[in-house]
Amino acid sequence: MSEGHDHVHEEESWASYRVKALESLLVEKGLISSDSVDGLVEAYEQDIGPMNGAKVVARAWTDPEYKQRLLEHGTETISELGFIGREGSDIVVLENTPTVHNMVVCTLCSCYPWPVLGLPPSWYKSEAYRSRAVIEPRAVLQDFGLELEDGIEIRVWDSTADIRYMVLPERPQGSEGMSQEQLEELAPRDSMIGVAKAGRA
Amino acid sequence: MSNGAHDMDGMHGFGRVDYDPNEPVFHEPWEGRMYAMMMCLGPHDVLGPDGLRAALESLEPSTYLGSTYYERWMKVIEGALLAKGFLTKEELDAKTEHFQEHVDEVPMRREDPALAKQTVDAVWDWNTPHQDVDIKARFSPGDRVRVRNVHPKGHTRLPRYVRGKQGVVVRFYGVDDFHDVQPEGASKDPQPVYNVRFEGSELWGDSAEANQSLHIDMWESYLSPAQVE
């Protein structure tokens, strides 16, 4: 973020001008239309994000029958809530337990379950995460402030094919009796990637 | 390509994971425009049959590593648009210079509400990768497998850190489209896809962390029975 800069144009990067030029020429030549671009940006800024996945998680925490179907048939069960589509037509849900901790990476690129988590954050696409998550996951989790005992097995899922993975974090203690909406607040994005526990945003 | 800068699993030297808890979806407006333009250009097949990932991997390693995520997208789409004659370098440079000199100007606008609705609706389309074809899976959960030691020149989904390693099939997912870029004449047919589990010690030897395993999705042609090799 560029807070502290009053001069709006001071920080404009060359890429911003290049992309403006590309957009202008592609529109001029009839290859794309402006409102399609507007619509996609808006969809991923507002409608397609981790608030969708949090609804899935909160439901699974409160409905054992839903949770069982979710773990067996992720895509179909998630689609009941309307979350299906690009980069998420085959979603597999991985359950974290007191003895098994799952975390997700895409070493080759940036594969990520868009319908439930939105577009991936920068760190997920970063060289540091992609290189280290597979060889030293415990050290990487420490970067996120998460220490896991050696007794807990860490399973790292490297998304190489068309399956997209989402983690079902453990339900936090003390959340009994909370409403669906309150529980959604306890399932931040990072807990569904497996670099954080549920319960803290 | 297979052994490119993008295949960074296990590499050292990239430092801590840089984490910003308040990161916006797009850091600057141009990232969102770039992202959306790439999606909108899909029907024009600008990148060709091998697609975005093969194009990204074809960037020079220094360019790949020296660019942000959406800068890479910008560079590959620009290269493809110029190579295919959709744009000329002269007009793109001139237009870029124009916007640098007229910072408050916005790109030309043309609207097509029907197309915009169709484009955004398509985001929610369920396009299963599973193909309903009659192919018998060679492996079953529980089978020990060894990953073939291959180094294809074209795009592959087989990361280098598992090549030659032994693992166990834990899931069979179905028969899916195969995305590797194959040499002329080689089969591009859909193949069974499995999830294979590798113990950390098999991949990293004594350097593995405690109690660690890797689960990786593999098309059948990546695998051979463990006892054969």
Side-chain angles (χ1 to χ4, degrees), chain A residues 9 12 15-28 31-37 39-41 43-45 79 84-86 89-90 107-109 118-119 121-123 125-131 134-138 140 143-144 150 152-158 160-163, chain B residues 6-11 14-19 23 25 28 30 32-34 36-37 39-41 44 53 69 71 74 87 91-92 95-96 99-100 103 107-113 115-116 119-120 123-129 157 159 173 176 193 204 209-217:
Chain A
H9 303 302
E12 292 279 332
S16 74
Y17 299 117
R18 196 60 156 184
V19 170
K20 262 188 183 177
L22 279 169
E23 179 175 347
S24 208
L25 288 168
L26 292 173
V27 167
E28 199 177 296
L31 286 162
I32 62 172
S33 61
S34 314
D35 48 352
S36 290
V37 176
L40 285 174
V41 170
Y44 282 95
E45 283 186 332
S79 75
I84 191 79
R86 188 171 285 159
S89 287
D90 187 9
T107 56
L108 296 177
C109 187
L119 296 177
S122 283
W123 63 258
K125 304 177 285 192
S126 71
E127 288 84 353
Y129 187 73
R130 286 164 56 189
S131 63
V134 290
I135 191 169
E136 50 175 8
R138 283 175 202 278
V140 168
D143 283 1
F144 290 89
D150 283 356
I152 298 172
E153 182 195 339
I154 299 189
R155 293 180 187 163
V156 180
W157 298 72
D158 188 356
T160 47
D162 288 328
I163 295 97
Chain B
H6 68 286
D7 189 354
M8 45 187 65
D9 38 78
M11 282 172 72
F14 290 119
R16 282 175 62 89
V17 178
D18 191 10
Y19 179 71
E23 184 182 342
V25 175
E28 293 180 59
W30 72 264
R33 307 306 286 180
M34 184 62 255
M37 281 195 280
M39 298 296 139
C40 292
L41 282 171
H44 297 288
R53 287 182 58 170
Y69 188 75
E71 281 171 354
M74 178 185 81
L87 303 178
E91 65 183 339
L92 183 57
K95 191 66 89 178
T96 307
F99 283 116
Q100 283 177 302
V103 290
M108 180 181 172
R109 281 193 73 83
R110 185 179 61 85
E111 302 203 345
D112 183 341
L115 177 63
T119 302
V120 175
V123 160
W124 302 97
D125 285 350
W126 187 341
N127 295 308
T128 179
R157 301 297 183 83
Y173 282 132
D176 289 7
V193 174
W204 315 113
E209 286 184 344
N211 215 352
Q212 174 209 355
S213 64
L214 269 296
H215 285 249
I216 308 176
D217 298 331

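Below, chain A is the first sequence line, B the second, and so on; all start at residue 1.
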For chain B, which of [options] has the most heavy-atom pairs under 4.5 Å?
options	value
A:Asp90, A:Leu119, A:Leu26, A:Leu108	A:Leu108
A:Ile152, A:Leu22, A:Asp143, A:Ile32	A:Asp143
A:Tyr44, A:Trp123, A:Trp157	A:Trp157
A:Asp150, A:Asp158, A:Val140	A:Asp158

So which of [options] has the largest heavy-atom pair count under 4.5 angstrom toward chain A?
options	result
B:Arg110, B:Met11, B:Met37	B:Arg110
B:Val25, B:Thr119, B:Asp9, B:Val120	B:Asp9
B:Asp176, B:Leu41, B:Val193	B:Leu41
B:Asp18, B:Leu87, B:Leu115, B:Leu92	B:Leu92

Calculate, to the nearest 0.5 Å, the distance between atoms CH2 and CZ belonging to B:Trp30 and A:Arg18 respectively.
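Nearest 0.5 Å value for the CH2-CZ distance: 12.5 Å.
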Heavy-atom contact with chain A under 4.5 Å, split by part of B:Trp126
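The answer is both parts of B:Trp126.
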Measuring heavy-atom distances to chain A, does B:Glu23 have an atom under 4.5 Å in its side chain, in its backbone, in both, or in neither?
side chain
Go through the atoms of [X] and report whether side chain, backbone, both or neither lie under 4.5 Å from a heavy atom of chain B.
X	value
A:Val134	both
A:Ser79	side chain
A:Ile84	both

Using side-chain heavy atoms (C-beta onward) and a distance below 4.5 Å, is A:Glu28 in contact with B:Lys95?
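Yes; the side chains approach each other to less than 4.5 Å.
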